[in-house]
Amino acid sequence: MFDLSKISKTFRGPILLATLLLIALGTLRYFRAVVINAAKVEAEQELAAAKEPIQLDDSPSKSVGAVPDPRPSAPAQDIDDEAQSDPQSITSSPSGDIPQKPIDAAELKRRLEVFSQQVPRSMADLQTIEDSVVDLVPSAIAGTIAIRANFTQGSGVIVTSDGYALTAAHVAEKVHRSLEITLSDGRQTSGKTVYIDRTHDFAIIQFDTDGPWPAAMLAEDSTAKPGDWCLATGHPGGHVEGRPAVVRLGRLIAVDDDVLESDCPLVGGDSGGPLFDVHGRIIGIHSRIGPSVMRNFHVPIKSYQSRWDEIIQLAKDERAGDPLASSTGVAEESPSEKLPTDGDSDNVPPTPQSAIRSDDSTDERPSVNSVDDPPAVARRPGNSGDELPPLNEKFAENNPRPFLGLYPEDVLRGCRVVEILDGSPADKGGILLDDILMKVDDTLIRSSSHLSDMIADKSPGDKIVLTIQREDQFLKKEVVLGSRKSAP
Amino acid sequence: MIAKRSSLLSRSSLLLLVVLSGITRSAAANDAVGTTLDPNHAKNGSVIRYLFSDLANNVSRSTVRILCDGEETILGVIVDDQGAILTKASELKGAIRCRFKDGRELPARKVAEDASFDLALLQVDADGLIPIRWSKGKDPEVGRWSATPGIHGAPIAVGIISVPRRSIPAEKAILGVSIRDTQLGPRVLQVIEESAAEKAGLASGDRILSINGVNILSAAHLTEIVRGYPPETVVKLTYERETREHELDVTLGAPIPSLLHPDSNAENIARELSHRRADFPAVIQHDSVLDPSDCGGPLIDLKGNVIGLNIARAGRTGCYAIPAGELPKLIADLQKQSTANISTDSAK
């Protein structure tokens, strides 16, 4: 999966020189990327130090300094971030489009408890599962598409509002293949295959028009485990006029690195459709079925995620007719061999654009990491120390980082505040313990790491509006971000 | 150039990290992989079905197991206290008996039929029967639990509503051959395994002459003629093989959804499905996996409301149920028909 030749290439250039020149280059984007990355790393390191005290110490003010995010390097979901940063996409994305019923804190807690049980114990538990599933269905259906290629019919799922979707390799057939696409609401469009990995049976397709399209979220971490409840959507038997995507409920039967197995019954035509977790995030893509109806196989989403950023860049380059990109083309078959545009571009005179592009990939690094790193490992201070060249850290030291000053924990609809630092911007802005943070400005918060990402993208002094749920009320709170250095 | 290098640098240090952490991960993952979900805990496992037992038992009193020539063929629903039982028509054959929850087993006869929904009304001579109470509410939302009670204990299967109410168009029959037009007429190029054509004995090279007396002019014409029939129709097919003309009775087939798994065999999947699984004016679809012989009975929700009558196992992934709201009128019509039939009988 991982290309060792890349690693050796890395060390070709003298690190110091490269970094100094980078700083000199100093495009705005790059500047941001470094700041964000460095901020994340430092946050992690401090977290490592702070974690224990925060858990043990009752007084938040004493519990070490500012920790914008207690979680490890935020899995920068650039896919969705792109979607979310586009205001149009927010209104068009299912989560933005479909009014969500307010859920009170007790219900939220109950749902999490029920889903974490080994097995439901009562009719009330089944009712809780049902209520959650009914809430998830509209957005799950909205993002699911029917795909018709030359020889096959299948399903897929939209993951960016500008029209990238995931499917199975055996549906997408081959790179450049023209596809007919039908959404569950009946809209039709066309697209093409931009990436194929037959080994893992996954593919990425791109719509011919920009949308906005209703995008589903990807699960940011690979914590899927046997027993997790899941929802499958797709078009069994191929697209049927007037039939929206078909919904099935099940549980994960077995989980390993290359495959998820569930009891969501699938059949031909479902291939390429999404498997959602109980948060409505895509955890897998339907791939194969076994001899028994109980056995259905899905490609875990991390197979896509680890390559996603690079692939999308390739596809964009190609669409823009960039000669640099077209020399490497869009990859097919073996990502580890074809993907290293980096290697190829070494032989091509760099252009200003190519520099920016590579900055993008710098930006995207954490997502590569977060996908393949189990959280437990990523939290280790040793690892985070290895993650970035020390020079970046030093660079960041001179640049204050935005600071919110609370400690969030993931819940079904965002994150819950479990700790607030006294005198922090969050404290001053009126955020209280147990508030559920739902939005930063207009962007729905998907997880605490997503929150941390969004904060890291801001600057000290920026004003943000947090939408929160407090008991059964929705409130908006203005918070002026502090800087890391001015934190208590 | 430099920027590229730098990004490579950071990326590769990451890759190193990933390689290292991968080791830890696979060690950790092994624990997880070793534990697969207990099948009793699966969505349709015994534990969850057991939770539905009380609700299912209530409805079981109004559910019957129908035996045709001694074989458990289908389920049925008691619709009045005079011995009227509603079931799926197309599965019935031979001598019909109904087995009740209380253990009684009584002979039944078909007194009325509705072809559009594939329903039949049976009559048994029994008293003390408890008729079913159809839900008067709206159709269930997609995502709601649904359970299929049998006549005893925990339900046969549980699932969720998968697709809201819609009509299912009639399936078009297929013969299962690929055809090439030649100067002498359409010739069989290839016979699809386990298709109607193969079962009837057609072979590559045969020239198709006519179906039910209609001379076949071309491949397109053949398709048009075959698709004019519903699946399971028996047609007379004439063909020429080695200059000799032959005639065959062919039972036309139904389209089988393409399969994902190379090991799964089309016939096995077809055997799991109801014969009549299309051409319904209104159904809701749920993801319970029912044997075709477990259709014909009630479908309940998490409150115990009877939300429909299972009318077909339609595919590997689900079943159709006639929405409860449709049934009172259909039953009333069937009862009228039956009264008319009875009076005609007695007039004779």
Side-chain angles (χ1 to χ4, degrees), chain A residues 2 6-7 9-10 13 15 18-19 21-22 25 119-120 123 126-127 130 133-134 137 225-227 236-237 242-243 246-251 253-257 263 265-269 271 288-289 291 293 342 345 350 354-355 358-359 361-362 365 368-369 372-374 377 383 386-388, chain B residues 1-19 21-22 24-26 28-29 32-33 35-45 47-48 51 141-145 159-164 166 257-261 263-264 269 285 287 289 302 315-318:
Chain A
F2 301 106
K6 264 191 183 174
I7 295 169
K9 270 176 201 155
T10 318
I15 297 170
T19 317
L21 276 166
L22 262 177
L25 244 166
V119 69
M123 293 306 276
L126 292 181
Q127 185 66 59
E130 180 178 279
V133 170
V134 168
V137 160
K225 59 183 186 308
R243 183 187 68 178
V246 177
V247 183
R248 282 139 287 173
L249 179 67
R251 303 187 76 179
I253 306 286
V255 173
D256 72 24
D257 284 353
D263 61 348
L266 303 178
V267 78
S271 293
R288 311 186 306 283
I289 58 175
V293 178
D342 316 286
S345 58
S354 77
S358 69
D359 291 343
S361 35
T362 309
R365 283 185 322 100
V368 176
N369 177 40
D372 291 291
D373 256 357
V377 176
N383 279 348
D386 292 341
E387 238 171 79
L388 277 184
Chain B
M1 187 70 175
I2 305 286
K4 202 84 190 167
R5 280 270 164 89
S6 159
S7 90
L8 260 179
L9 164 77
S10 36
R11 195 181 298 167
S12 59
S13 64
L14 246 190
L15 284 170
L16 266 177
L17 177 71
V18 166
V19 170
S21 67
T24 328
R25 179 163 46 112
S26 48
V33 171
T35 57
T36 59
L37 184 70
D38 179 342
N40 294 316
H41 294 175
K43 179 196 68 174
N44 191 39
V47 174
I48 292 175
L51 290 176
E141 288 165 285
V142 172
R144 297 276 172 213
W145 286 108
I160 63 163
I161 305 298
S162 294
V163 184
R166 67 193 163 115
S258 61
L259 303 171
L260 288 165
H261 195 271
D263 297 344
S264 6
I269 291 212
Q285 185 173 335
D287 72 349
V289 173
L302 195 53
R316 187 184 196 260
T317 58

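Worth saying up front: this structure is predicted, and the values here are computed from it rather than measured. Excluded from the calculations below are hydrogen atoms, water molecules and symmetry mates; all remaining heavy atoms, backbone and side chain alike, are included.
- What you find for B:Trp145 and A:Leu126 is that their closest heavy atoms are NE1-O, 2.9 Å.
- Judged as a salt bridge (charged side-chain N to carboxylate O under 4.0 Å, His left out), and not counting sequence neighbours, the contacts of B:Asp287 are B:Lys43.
- Among B:Ser162, B:Gly318, B:Gly45, B:Gly143, the residue with the largest count of heavy-atom pairs under 4.5 Å with chain A is B:Ser162.
- Of all heavy-atom pairs spanning A:Gly227 and B:Leu37, the tightest one is CA-CD1, 3.5 Å.
- Contact annotation for A:Val119: only side-chain heavy atoms (C-beta onward) come within less than 4.5 Å of a heavy atom of chain B.
- For B:Pro39, there are no side chain to side chain contact (heavy atoms under 4.5 Å, CB included) partners, not counting sequence neighbours.
- Of the possible polar contacts, none joining the B:Arg166 side chain to the A:Arg243 backbone as a donor-acceptor pair under 3.5 Å is found.
- To the nearest 0.5 Å, atoms CD (A:Glu130) and CD (B:Glu141) are separated by 8.0 Å.
- When all heavy atoms of B:Thr35 and A:Pro226 are compared, the pair lying nearest together is O-CG, 3.0 Å.
- In terms of non-hydrogen atom pairs under 4.5 Å with chain A, the most contact-rich of B:Val47, B:Ile161, B:Val142 is B:Val142.
- At a 4.5 Å heavy-atom cutoff, the contact between A:Val137 and chain B is made by side-chain atoms alone.
- Taking the side chain as every heavy atom from C-beta outward, A:Arg248 and B:Ile160 never approach each other to under 4.5 Å.
- Contacts of B:Asn44 with chain A are made by backbone atoms alone, with heavy-atom separations under 4.5 Å and no side-chain atom involved.
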